[in-house]
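Here's the structure, in structure tokens; my notes come after.
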2 protein chains.
Amino acid sequence: MPKLGMEPIRKAALVKATISEIGRVGSLDVTVSQIAKRAGMSSALAHHYFGSKDEIFLAAMRHVLTLYGAEVRGALAVATGPEARLRAILAASFSAGNFRREVVGAWLNFYVLAQTVPEAKRLLAVYQRRLRSNLLVCLRPLAGARAHEVAEGLGALIDGLYLREVLKSGPPDAAAAVATALDYLDVQLKGRGA
Amino acid sequence: MPKLGMEPIRKAALVKATISEIGRVGSLDVTVSQIAKRAGMSSALAHHYFGSKDEIFLAAMRHVLTLYGAEVRGALAVATGPEARLRAILAASFSAGNFRREVVGAWLNFYVLAQTVPEAKRLLAVYQRRLRSNLLVCLRPLAGARAHEVAEGLGALIDGLYLREVLKSGPPDAAAAVATALDYLDVQLKGRGA
DNA sequence: GTTTTTGTTGATTGACGAGTCAATAGACTT
DNA sequence: AAGTCTATTGACTCGTCAATCAACAAAAAC
């Protein structure tokens with residue numbers, strides 16, 4: 001049966017399975033066997049392609065970050081003007097694709113991973129820098145000198161809204177999260193700037 | 001050597017050691033032996049007093065939550081007027097006792113634990129409810145109908161600021177965190193209410 | 001002064017999991 | 001058609017760790 005060119009397919013399946021399993025179990029205590037089983041292969045094959053469990057986790061992290069980045073970029077592409085672009089970033093952050101229980105659970109556990117695995121820390125730092133930079137570009141024309149503070153606060157607020165989703169039961173309420181973030185924005189911009 | 005009345009002393013030592021170890025390692029992957037060793041006893045004794053590893057973790061969580069609660073209550077006791085009380089809550093949240101690397105690391109991992117252990121989830125929910133309630137009492141006279149939204153946002157912001165501390169290197173910057181939270185508050189209150 | 005209760009540990013058990021390896025099999029190369 | 005490469009797995013190794021237990025020691029109770 002061995003077809004050729006399986007590597008990318010298997011890797012993608014493993015990455016997807018990893019996110020699912022982390023979300024399901026709610027921690028990084030998922031075995032390579034569990035992941036491999038869900039991805040429809042033996043654990044030996046998972047090791048064959050990734051080498052180690054940490055590499056599997058990192059690949060899953062890169063995938064989540066890539067998806068998020070792509071979503072933001074896509075949303076920014078069709079938004080004109082600073083306010084619209086800010087709204088686009090928020091919408092992407094809490095979009096149906098990213099703001100799912102399993103993905104949120106994965107994010108939380110990536111923060112844990114970042115405490116141990118330097119590469120994980122680096123990846124999260126890249127995410128935070130990019131978010132801040134995106135926010136700053138939009139905020140400078142709107143908030144002027146205060147752009148920096150507002151970006152800092154908004155970034156933390158987004159992370160906090162994610163974190164709080166972890167404790168909720170039932171489906172994630174993206175609308176409420178966006179509303180809270182937009183409210184923060186409104187009040188920051190109307191209070192001073194324009 | 002067996003002196004009597006060891007139980008509370010041993011338990012307290014284990015709880016303290018648990019927080020330290022979780023903070024040091026950066027995850028819940030700490031062995032009972034590690035904890036017991038740091039607390040100066042054998043792992044068997046840890047099991048003797050707590051029964052299971054989960055119970056040790058929960059006791060550590062209750063301790064962190066209790067400390068936080070006590071700090072907030074103490075700060076509120078000497079604050080008069082809604083604004084001062086809000087500031088007191090924020091100061092307590094980012095006080096030197098709570099906003100330490102190891103404690104922040106412990107908080108993060110308690111969120112992870114909450115995904116698996118129902119009692120952990122309950123404890124965190126209690127914390128969130130109490131925080132919201134405290135904030136609401138102060139905010140109602142200041143923000144009126146908007147008190148609810150502001151409390152929601154401020155709660156998430158605090159959690160987010162904690163979360164972001166995880167990635168930073170170097171000693172925690174409590175002053176910056178308080179400043180961001182106060183800024184949010186300022187702008188929410190000046191923007192509308194008074 | 002014997003029995004019971006509390007404190008304490010080293011050794012052991014039993015389970016589980018990451019990573020390795022030998023072996024099998026189809027596909028592509030020459 | 002022989003050799004090489006990719007795909008794949010079951011079985012195995014080796015380590016780790018939570019939890020238990022038997023045993024010992026000292027204080028309290030009777």
Side-chain angles (χ1 to χ4, degrees), chain A residues 1-22 24-61 109-110 112-113 115-120, chain B residues 1-22 24-61 109-110 112-113 115-120:
Chain A
M1 298 187 183
K3 300 153 193 167
L4 289 217
M6 283 282 96
E7 178 156 353
I9 298 167
R10 293 301 202 186
K11 279 192 166 180
L14 283 168
V15 160
K16 222 180 130 193
T18 302
I19 296 166
S20 297
E21 283 297 293
I22 290 178
R24 189 180 64 79
V25 176
S27 84
L28 296 175
D29 278 337
V30 289
T31 70
V32 174
S33 298
Q34 277 168 19
I35 295 171
K37 189 171 186 180
R38 179 177 278 233
M41 72 196 80
S42 73
S43 73
L45 197 53
H47 277 104
H48 173 63
Y49 281 126
F50 278 106
S52 77
K53 195 179 173 178
D54 270 0
E55 285 301 323
I56 300 179
F57 282 161
L58 288 175
M61 234 180 119
N109 282 286
F110 291 158
V112 172
L113 196 65
Q115 307 235 293
T116 327
V117 182
E119 175 68 5
Chain B
M1 299 187 183
K3 298 151 193 170
L4 288 216
M6 283 282 97
E7 178 155 354
I9 297 168
R10 293 301 201 187
K11 280 192 166 181
L14 283 168
V15 160
K16 221 179 132 193
T18 302
I19 296 166
S20 296
E21 282 297 295
I22 291 178
R24 188 180 65 80
V25 176
S27 83
L28 296 175
D29 278 337
V30 288
T31 71
V32 174
S33 298
Q34 278 168 17
I35 295 171
K37 188 171 188 181
R38 179 177 280 233
M41 72 196 80
S42 73
S43 74
L45 196 54
H47 276 105
H48 173 65
Y49 281 126
F50 278 105
S52 77
K53 194 179 173 178
D54 269 0
E55 285 301 322
I56 300 179
F57 282 161
L58 288 174
M61 234 179 118
N109 282 287
F110 291 159
V112 172
L113 196 65
Q115 306 235 293
T116 327
V117 182
E119 175 69 5

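By convention in this document, chain letters (A, B, ...) are assigned in the order of the sequence lines, proteins followed by strands, and residues within each chain are numbered from 1.
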If the test is side-chain contact (heavy atoms from CB on, under 4.5 Å), which one of T18(A), I22(A), I19(A) qualifies with I35(A)?
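In the set T18(A), I22(A), I19(A), the residue that makes a side-chain contact (heavy atoms from CB on, under 4.5 Å) with I35(A) is T18(A).
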
Please name all residues satisfying side-chain contact (heavy atoms from CB on, under 4.5 Å) with T31(A), sequence neighbours left out, ordered by chain then number.
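Checked T31(A) against side-chain contact (heavy atoms from CB on, under 4.5 Å); matches are S33(A), Q34(A).
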
H48(B) side chain, from C-beta outward: closest of dA18(C), dT8(C), dA7(D)
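Of the candidates, dT8(C) comes closest.
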
Which nucleotide sits closest to the side chain of H47(A): dT8(C), dT20(C), dA19(D)?
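That would be dT20(C).
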
Please write out the pairs of protein N or O atoms and N or O atoms of nucleotides 28-30 of chain D separated by less than 3.5 Å, giving the distance to one decimal.
none

Would you kindly give the [atom1]-to-[atom2] distance between [X] and [N], to the nearest whole Å?
X	N	atom1	atom2	value
D29(A)	dG17(C)	CG	C1'	11 Å
L14(A)	dA18(C)	CG	C1'	15 Å
K11(B)	dG7(C)	NZ	C1'	14 Å
L45(B)	dT9(C)	CG	P	6 Å
K53(A)	dG15(D)	NZ	P	19 Å
D54(A)	dG17(C)	CG	C1'	14 Å
M41(B)	dT6(C)	CE	C1'	15 Å
K37(B)	dT8(C)	NZ	P	19 Å

With salt bridge (charged side-chain N to carboxylate O under 4.0 Å, His left out) as the rule and sequence neighbours excluded, what pairs involving residues 25-52 of chain A come up?
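Non-adjacent pairs meeting salt bridge (charged side-chain N to carboxylate O under 4.0 Å, His left out): E21(A)-R38(A).
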
N/O (side chain, Y49(B)) to phosphate O (OP1/OP2, dT6(C)) under 4.0 Å
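Checking Y49(B) against dT6(C): no side-chain N or O falls below 4.0 Å of OP1 or OP2.
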
Residue-phosphate contact under 4.0 Å: R10(B) side-chain N/O, dT8(C) OP1/OP2:
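For R10(B), the contact criterion (side-chain N or O under 4.0 Å from OP1 or OP2 of dT8(C)) is met.
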
For the student: nearest non-hydrogen atoms of V112(B) and S27(A), plus distance
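Taking every non-hydrogen atom into account, CG1-CB, 3.9 Å.
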
Show me the side-chain donor-acceptor pairs of residues 5-14 of chain B shorter than 3.5 Å, one per line, residues at least two apart or across chains.
none

For nucleotides 10-16 of chain C, just jot down a letter per nucleotide in 5' to 3' order: B, S or -, based on protein non-hydrogen atoms under 4.0 Å.
B------

Listing, residues 47-60 of chain A side-chain donor-acceptor contacts under 3.5 Å, not counting sequence neighbours, or none:
unit_1	atom_1	unit_2	atom_2	d
H47(A)	ND1	S43(A)	O	3.3
S52(A)	OG	E55(A)	N	3.3
K53(A)	NZ	V30(A)	O	2.9

